[in-house]
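Here's the structure, in structure tokens; my notes come after.
Read the numbers this way: they start at 1 and go in the same order the structure lists the ligands and their atoms. From a predicted model like this one, the values you see are computed outputs, not experimental measurements.
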Amino acid sequence: MTELVMDEKYTSRGSSWSRQKDLRPKNHLIVALFIMCCYLSFYGWSGISQAKDGPNYFEYSDENINWKPCNNSNSLPLECSSIKVPIDQFDLEHPRNETFIIPLIRMRGINATQNLFLNPGGPGASGFDLLHRRGEQLKAIIGEGFHLVSFDPRGVNNSVPRASCYPDERTRQELSRVRSLDVLSDSPEVFAWAKNFIQACPDTMGEYAKYLNTPQTAADMNDILDALGQEDMIYWGFSYGSLLGQTYAGLFPERSKRIIIDGVIDQFDWYGGLFEAQSLVDTDMVLDGFFEECVKSGPERCPLARMAATKKELRGKVLSSMTVLQDQPISVYINKSIHGLLDYEKLWFNGVFPALHKPSMWSELAHNMYNVFQGNATDAFLAYGNQEAQKWRHEAFEFITLNDGISGPEHWPQDRQTFLDKIAPLFNLSLFSPVQSKNYYLRQQWTVSRTHSYVPRKNMKTAHPLLILSTTYDPVCPLIAAKTANEAFEGSKIVEVSGYGHCSIAVPSLCLAKYVRAFLYEGRLPHTYTQCEVDSPYFHESDKSGQSSPQRVFEDTEEAEIHLAQVLLADGWDFASAN
Ligand SMILES: *[C@@H]1O[C@H](CO)[C@@H](O)[C@H](O)[C@H]1NC(C)=O
Ligand SMILES: *[C@@H]1O[C@H](CO)[C@@H](O)[C@H](O)[C@H]1NC(C)=O
Ligand SMILES: *[C@@H]1O[C@H](CO)[C@@H](O)[C@H](O)[C@H]1NC(C)=O
Ligand SMILES: *[C@@H]1O[C@H](CO)[C@@H](O)[C@H](O)[C@H]1NC(C)=O
Ligand SMILES: *[C@@H]1O[C@H](CO)[C@@H](O)[C@H](O)[C@H]1NC(C)=O
Ligand SMILES: *[C@@H]1O[C@H](CO)[C@@H](O)[C@H](O)[C@H]1NC(C)=O
Ligand SMILES: *[C@@H]1O[C@H](CO)[C@@H](O)[C@H](O)[C@H]1NC(C)=O
């Protein structure tokens, strides 16, 4: 393993003894010492003192906010806080009363003096969930040299106010359902549905509606940095987090010291393009990868391989079986209270599409599909048949994408048929293109005005070049977008994992983890375009216990730990919520 040494800057800033001297005398020093003892074993001695907000709160001498412990059920040592940010970060000359409250969460690193920001994507995925569910594995991959910080961006989950187009959850469940996946026959319905939706959103959010966008969130990240007393942005953003990272780097290049973007979105398309069609250019390649790896693995590991001898033949058989399912859904009867239908849309869009993001689901998908094609849809129905209409209890995704991008009547024909003729060609780009259908109707009709003036630029020079991560075939964030970012940010370098899935973390690769550490700790980038191998097979014997287990043996203890963390992350990451 490459020797990983911490860069001068990060070790010299605030050694434990200089920190201890910083400790300001406080009235409650005794209590503070007590609290310190509780946290010492995890947090180390780093200038903790009790804060005035109450006995559960504490603060660090070089920060401007208070924290309180917020362990989850796994007893991970987490601390939580929040900051208030102005409703309009780009008009501070006219201060307003309205603010957003942004919750913060942090997992401390034993040897850390700097904070690394993480964003799980979406837009709309919660940084709280990320650290609660996956913090332990991210920590194992990154090492103890950074505190991991995440947050619920404005509008998301526990931020206040939350982005919403409905007065309550019950109304959301009732009114949010609309059919859109059959792009031609569902068009009249989704067109009419969108008309109500785009009215309900500003009705629900009032003044706040137009300030839910990515440039505002990028500026909020500076307020968080300032509250943490840190000058440099150190960041790893996944999927939509790559768009947030590029936006941050574009707006604040001088603070962009260590920016990693992973599973890249084309920011020029996002802010300035009518169509997002490019995002699906590699989707069907991932499906082909599924077939190819299946045939290679053989029927023992991939039951679908019983149906064909080559990738091409398998593809043909599966697609024609899907057509049969399109004509005739299969009924599944479990008992008198659980029964229903497995139809084409459930299998294709709830089963296959999410699995393209996440190869750890391939074995199960192959098993379920094979059984469906043999006439038994029970397992597939149980796995894909009962999905909730809404993945989140908020509409941050809609507000942010629509406010960021080219939306509204001035950009789109308002007549339904003219509009449909314009978007129709997009739907034969990929077998999965219909997933984008609904959002086009929202773009067409959205009336909230744009409040940011961010325009992505080429030849951006940042404080330190960006590290860009991608798989070879990503179903929603294709490699071509990573190349576009590479051209836009001076000196940036791409590390490509030679595999399938959404973001580098979709598959374990120790090689990738080493590049990430070298970049974070030493600022080191590979000299040229670099590829890393995947460390595990796509189809493996199913582990009866349901536990994730190492896929390869590494002699070195640390390498073995990183590998296991990557396997767990690839199995557990909730890509359904990280678009
Ligand atoms: C948080 O978790 C750590 C590690 O398990 C534990 O030592 C600590 O006591 C916990 N704190 C609280 C307040 O539960
Ligand atoms: C802000 O709040 C203050 C106190 O509540 C109020 O007097 C003032 O009118 C508010 N200003 C605006 C612009 O809403
Ligand atoms: C913390 O840093 C010290 C000194 O560099 C090192 O010896 C130790 O192994 C590190 N601890 C962890 C948990 O990384
Ligand atoms: C949002 O916050 C709640 C806690 O209030 C948490 O239980 C939930 O998992 C979070 N995430 C999402 C996506 O709702
Ligand atoms: C139906 O099956 C489900 C799942 O196996 C079970 O939880 C439920 O109790 C059953 N209901 C009846 C009425 O048998
Ligand atoms: C269908 O599959 C389920 C689950 O694998 C199994 O329990 C059931 O017996 C199968 N039904 C038939 C008719 O083979
Ligand atoms: C895509 O759609 C256009 C217009 O709807 C059609 O003319 C073309 O043949 C389609 N291409 C493919 C590859 O299906």
Sidechain-backbone polar pair: Glu79 side chain, Arg106 backbone, donor-acceptor under 3.5 Å: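 Not at all, since once roles are kept as given, no pair shorter than 3.5 Å links the two residues.
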Test salt bridge (Lys or Arg N to Asp or Glu O under 4.0 Å) applied to Arg517 and Glu559, Glu558, Glu522, the passing residue: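 Checked Glu559, Glu558, Glu522 against Arg517; only one passes salt bridge (Lys or Arg N to Asp or Glu O under 4.0 Å): Glu558.
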When Tyr500 is tested against each of Trp362, Phe290, Phe291 for ring pair (Phe, Tyr, Trp, His ring centres under 6.0 Å), which residue passes? Trp362
Nearest protein heavy atom to atom 14 (O) of ligand 5: under 4.0 Å? yes
With the threshold set strictly below 4.0 angstrom, can you tell me whether any protein non-hydrogen atom sits that near atom 11 (N) of ligand 5? yes
Quick one: nearest non-hydrogen protein atom to atom 5 (O) of ligand 6, plus distance?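 Result: Asp379 OD2, 3.1 Å.
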Note the single closest protein heavy atom to atom 4 (C) of ligand 5, along with its residue, its atom name and the distance in Å. Ile338 CD1, 3.9 Å
Step through the shown structure and confirm whether more than 12 heavy atoms of other residues, nucleotides or ligands are within 6.0 Å of CZ on Arg179. no
Check: Glu144 N/O within less than 3.5 Å of ligand 3 N/O: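 The answer is no, given that Glu144 and ligand 3 share no N or O pair closer than 3.5 Å.
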Apply the side chain to side chain contact (heavy atoms under 4.5 Å, CB included) test between Ser509 and each candidate in Val497, Val534, Val495; give the one that qualifies. Val497
Is it the side chain (CB and beyond), the backbone, both or neither of Asn371 that lies under 4.0 Å from ligand 6, heavy atoms counted? neither
Identify the two heavy atoms, one from Gly298 and one from Ala305, that lie closest to each other, and give their separation to 0.1 Å. C-CB, 3.8 Å
Report yes or no: do Asp379 and His367 form a side-chain donor-acceptor pair below 3.5 Å?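 Note: Asp379 and His367 side chains meet the donor-acceptor criterion.
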Atoms of ligand 5 less than 4.0 Å from Ser337 heavy atoms?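 So the answer, numbered in order with elements, is 11 (N), 12 (C), 13 (C).
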Any N or O of Asn335 closer than 3.5 Å to N or O of ligand 5: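 Yes.
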Among Ile334, Asn376, Thr378, which residue places a heavy atom closest to atom 8 (C) of ligand 6?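 The option holding the nearest heavy atom is Asn376.
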